[in-house]
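One structure is given below, encoded as structure tokens.
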Amino acid sequence: MTTIADKLQTVRARIDAACRQCGRDPASIRLLAVSKTFGPEAVREAWAAGQPAFGENYVQEAVEKIQALQDLPIEWHCIGPLQSNKTRLVAAHFHWVHSVDRLAIAQRLSLQRPATLPPLQICLQVNVDGGQTKSGVAPESAAQLAHAIKSLSGIRLRGLMTIPEPSDDFTRMLAVHQRTRALFDQLNAQGFALDTLSMGMSADLEAAVQAGSTLVRVGTALFGVRADPA
Ligand SMILES: *Cc1c(COP(=O)(O)O)cnc(C)c1O
């Protein structure tokens, strides 16, 4: 049986190898363990193996897990699509939200973030490969949204997140990730001071690291194949 600790080691070794390939420091890349559909005991096991940050897609499921694991100082990241009727729960329970794709959602998170908590850390989800059905702000509108969000209290803009169309073709994934990286650099050239590029998952983390990802979101490679098609 391969344990979660073994798989964590394997994923960290993949990140290290990808870094060596392109001369990056592995310390510049954070691993987010995507625990959606897996129970609190799996999160606890990963935590015990040294994993401090976890990503969740479904708000209701996540809040139950967060409450069951209150004894651990886990950093929780919301990475799933955000409906306005869920923003209050997200603002109250998470440290990060990667999936902000419109101003109305950012405004709600800003208003609803409890004053007793530090600012919620935000990434803009960018629809970098133009998929019509997928969420995410269009790349050409990202600067405008970033500008509007900058003035909101209770939330802090940290970077960009993407979920490109999956492909087995390394070169193709690299090209898509490089487009996101270029947008990230462009926003920073405009003075946004972003430090987080959330891109790369189980299948494409090497391409994402080569393109400049600072945070890879890994589920399947750590916890196994999910029972539902999420
Ligand atoms: C599920 C999910 C992941 C993890 O994907 P894997 O392929 O299982 O590593 C990463 N990011 C987001 C936004 C997800 O929804």
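In listed order, ligands and their atoms are each counted from 1. The structure displayed is predicted, hence computed values, not measured ones.
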Under 4.0 Å to a heavy atom of [X] - the qualifying atoms of ligand 1, by number:
X      : answer
Val218 : 9 (O)
Gly219 : 4 (C), 6 (P), 8 (O), 9 (O)
Ile79  : 11 (N), 12 (C), 13 (C), 14 (C)
Arg217 : 4 (C), 9 (O), 10 (C), 11 (N), 12 (C), 13 (C)

field: Partner of Phe184 under side chain to side chain contact (heavy atoms under 4.5 Å, CB included), chosen from Leu187, Thr180, Asn188
entry: Asn188
statement: Across all chains, not counting sequence neighbours, the salt bridge (charged side-chain N to carboxylate O under 4.0 Å, His left out) partners of Arg113 are none
task: Check salt bridge (charged side-chain N to carboxylate O under 4.0 Å, His left out) between Arg24 and all other residues, then give those that pass, not counting sequence neighbours.
output: none
task: For residues Ser213 and His177, determine if any side-chain heavy atom of one lies less than 4.5 Å from a side-chain heavy atom of the other.
output: no
- prompt: Hey, is Arg226 one of the residues with a heavy atom under 4.0 angstrom from ligand 1?
  reply: yes
- request: Examine the proximity of ligand 1 to Thr220 and report which part, side chain or backbone, both or neither, has a heavy atom under 4.0 Å away.
  value: both
- request: Tell me whether Ile29 is reachable from Trp96 by hopping between hydrophobic residues (I, L, V, M, F, W, Y) whose side-chain heavy atoms are closer than 4.5 Å.
  value: no
